[in-house]
Amino acid sequence: MALQNFEFCNPTRIVFGQETIKKLDDLIPATAKVLIIIGGGSVRKNRTLSEVEAALGNRQFAVFEGIEPNPTFETSMKAVEKIRQENFDFLLGVGGGSVMDATKFVAGAVHYKGDAWEIVTNGGSNITSVVPFGFVPTLPATGSEMNCGGVISRKSTNDKLPIHNDLLYPLFSILDPTKTYSLPKNQVANGVADAFVHIMEQYLTYPVHAAVPDRFAEGLLLTLIEEGPRTLNNPEDYEARANFIWAATMALNGLIGAGVPQDWATHMIGHELTILYGIDHGRTLSILLPSLMNEMRKDKHGKLVQYGRRVWELQGNDEEKIIDKAIAKTRAFFESLGIQTYLKDYDVDSSAVNKVVEQLNRHQLTALGEKGNISPEVARRIVEASL
Ligand code: NZQ
Ligand code: ZN
């Protein structure tokens, strides 16, 4: 066993720190006609948008407002139409993961010939060109600011599906921690949980003696455990917020996943809970991960013990006990952020089990996990244990 073969290339420029939004002037071509894409208005209220507009100087620009949390195909297509009609040639997403993901989809859909929903059903593989785009993220969570993925929902058909394509790396992302101070507590908690589970999806598989990704992953988990509660309780503590933001970006920019097996079952099952019940993404993960850890404890034995010992400093020779404690510590961490970790806390009853299994079958998500052995029947047990 050894580090698996990999290629790693991340072309996104990160500009980090306070007072950095003005650098948009250097990052966007002077002749660009810019469409700024935003969500429901938080960036107006916290004045990020006005700073962005000022930084664009004399460039022509317009604002497309209304990307919803868990961004939809339907709304994104309205932006696509606007771009086609008015010939915008640069897109600037200003907002959370939903705005960033929608911007990626829109960038890939503008030149797409045919029904753009095919982009989603093909997982993004059929995108062949994009309108250039960059981001000013305002919610540390998804890692979308430095990766080539996105997740798009379609309300009319109950689908929430991921897209990936190397063309979907943003050209740049400007991370100014002060622009996240206005986040409500529940969104900060969601963000800490989402980043935590991104690391776990790439770390908690089976050991391949990959020292570099393992130690990076453990360092990032410890950072979230230390800085997460700090930034939740003191939103304007710059130091804590800065550490949280960089940890969230590093959690899903390809680095810690290079050379190791990856799981992603928690995410795929979680997406079904979001589209069916509207539960926030980070919360679906906090509900499912402890149950998945327990269900898959034989397959994940080696890494569960490593996680318990190195991240939670658990002692002793009884490995089953270490695993039990590691799972309990994980659940307690989510709960300490104010996230409830059972479906009943969200008024979801046992009828969810069959519905999730049906969705997984319909989406052909029938061989999840690092070994492809999380079948819909295994997922059924994971959801049952999460009730
Ligand atoms: O819509 P506005 O008014 O902007 O308000 C948003 C929204 O209501 C608000 N918000 C964002 N920044 C704020 C703020 N409120 C006050 N101050 C600020 N600075 O927060 C709410 C949630 O925003 P959203 O963008 O939906 O949250 P998040 O960043 O958690 O993104 C979640 C989406 O990302 C996908 C998820 O599935 C979900 O659709 N993911 C994307 C990934 C990727 N691209 O790699 C990976 C992830 O696993 C995830 O699946
Ligand atoms: Zn996630």
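Given the structure is predicted, the values throughout are model-derived calculations rather than measurements. Atoms within each ligand, like the ligands themselves, are counted from 1 in listed order.
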Student: Just to be sure I read this right, does ligand 1 sit under 4.0 Å from the backbone of H198, its side chain, both, or neither, counting only heavy atoms?
Tutor: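 For H198, the contact with ligand 1 is made by the side chain alone.
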Student: So for ligand 1, is G95 a polar contact partner (N or O within less than 3.5 Å, distance only)?
Tutor: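 Between G95 and ligand 1 (N or O atoms, distance only) the closest approach is not under 3.5 Å.
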Student: Do any N/O atoms on V99 end up under 3.5 angstrom from N/O atoms on ligand 1?
Tutor: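 Such a contact does not occur with ligand 1.
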Student: Tell me: protein heavy atom nearest atom 45 (O) of ligand 1, and distance?
Tutor: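 Its nearest protein heavy-atom neighbour is N147 ND2, 3.0 Å.
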Student: What's the shortest distance from atom 23 (O) of ligand 1 to any protein heavy atom, and which residue and atom give it?
Tutor: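 It is L139 CD1, 3.5 Å.
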Student: For K45 and S182, run side chain to side chain donor-acceptor pair (under 3.5 Å): C-alpha distance rounded to whole Å, both residues' side-chain angles, the deciding distance at 0.1 Å, then the answer.
Tutor: CA-CA 9 Å; K45 275 188 228 132; S182 55; over 6 Å; no
Student: Think K344 forms a cation-pi with Y342, using NZ or CZ under 6.0 Å from the six-ring centre and within 45 degrees of its axis?
Tutor: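 Flagged: K344 positioned over aromatic ring of Y342.
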Student: Could you tell me the residue and atom name of the protein heavy atom closest to atom 8 (O) of ligand 1, and the distance to it rounded to 0.1 Å?
Tutor: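 For atom 8 (O) of ligand 1, the nearest protein heavy atom comes out as P69 CG, 4.0 Å.
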Student: In the protein, which heavy atom is nearest to atom 44 (N) of ligand 1, and how far is it?
Tutor: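 Answer, as residue, atom name and distance: D101 OD1, 2.7 Å.
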Student: Please work out, at 4.0 Å between heavy atoms, whether the side chain, the backbone, both, or neither of D194 comes within that distance of ligand 1.
Tutor: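 Near ligand 1, D194 shows its side chain, while the N, CA, C and O stay back.
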Student: Would you kindly specify which portion of N46 sits under 4.0 Å from ligand 1, judged on non-hydrogen atoms: side chain, backbone, both or neither?
Tutor: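 The answer is the side chain of N46.
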Student: Just distances here: any N/O of G149 and N/O of ligand 1 closer than 3.5 Å?
Tutor: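 Yes: some nitrogen or oxygen of G149 is under 3.5 Å from one in ligand 1.
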Student: Going by distance alone, is a donor N or O of one side chain under 3.5 Å from an acceptor N or O of the other, for H271 and Q359?
Tutor: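 No pair is found: no donor N or O on one side chain lies under 3.5 Å from an acceptor on the other.
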Student: Which ligand 1 atoms does S182 reach within 4.0 Å, using its non-hydrogen atoms?
Tutor: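 This gives 16 (C), 17 (N), 18 (C), 19 (N) as the contact atoms.
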Student: Output yes when the distance from some N or O of ligand 1 to some N or O of N70 is under 3.5 Å, and no in every other case.
Tutor: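 For ligand 1, there is an N or O atom that lies under 3.5 Å from one belonging to N70.
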Student: Give the residue, atom name and distance (to 0.1 Å) of the protein heavy atom nearest atom 46 (C) of ligand 1.
Tutor: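 Among all protein heavy atoms, the one nearest atom 46 (C) of ligand 1 is T142 O, 3.7 Å.
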Student: Regarding ligand 1, does G97 bring an N or O atom to under 3.5 Å of one of the ligand's N or O atoms?
Tutor: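 For ligand 1, there is an N or O atom that lies under 3.5 Å from one belonging to G97.
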Student: With respect to S42, determine whether any N or O atom, backbone or side chain, lies less than 3.5 Å from an N or O atom of ligand 1.
Tutor: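 It does: an N or O of S42 is found under 3.5 Å from an N or O of ligand 1.
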Student: Note the single closest protein heavy atom to atom 39 (O) of ligand 1, along with its residue, its atom name and the distance in Å.
Tutor: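 Result: K160 NZ, 2.9 Å.
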Student: What residue and heavy atom of the protein are closest to atom 49 (C) of ligand 1, and at what distance?
Tutor: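 The closest one turns out to be H281 NE2, 3.3 Å.
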Student: List the closest protein heavy-atom neighbour of atom 24 (P) of ligand 1: residue, atom name, distance to the nearest 0.1 Å.
Tutor: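 The answer is S98 OG, 3.4 Å.
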Student: Is it true that the side chains of D159 and H363 contain a donor and an acceptor less than 3.5 Å apart?
Tutor: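 Yes.
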Student: Check each heavy atom of H271 against ligand 1 and say whether those closer than 4.0 Å belong to the side chain, the backbone, both or neither.
Tutor: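 H271 to ligand 1: side-chain contact only, backbone stays beyond 4.0 Å.
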Student: Checking contacts here: is it the side chain or the backbone of T138 that comes within 4.0 Å of ligand 1, counting heavy atoms only? Could be both or neither.
Tutor: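 Both backbone and side chain.
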Student: Nearest to the Zn ion (ligand 2), which N, O or S atom of D194 do we find?
Tutor: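 Looking at D194, the N, O or S atom with the least distance to the Zn ion (ligand 2) is OD1.
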Student: Once you restrict to heavy atoms under 4.0 Å, what part of E68 touches ligand 1? Side chain, backbone, both or neither.
Tutor: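 The answer is neither; E68 stays 4.0 Å or more away.
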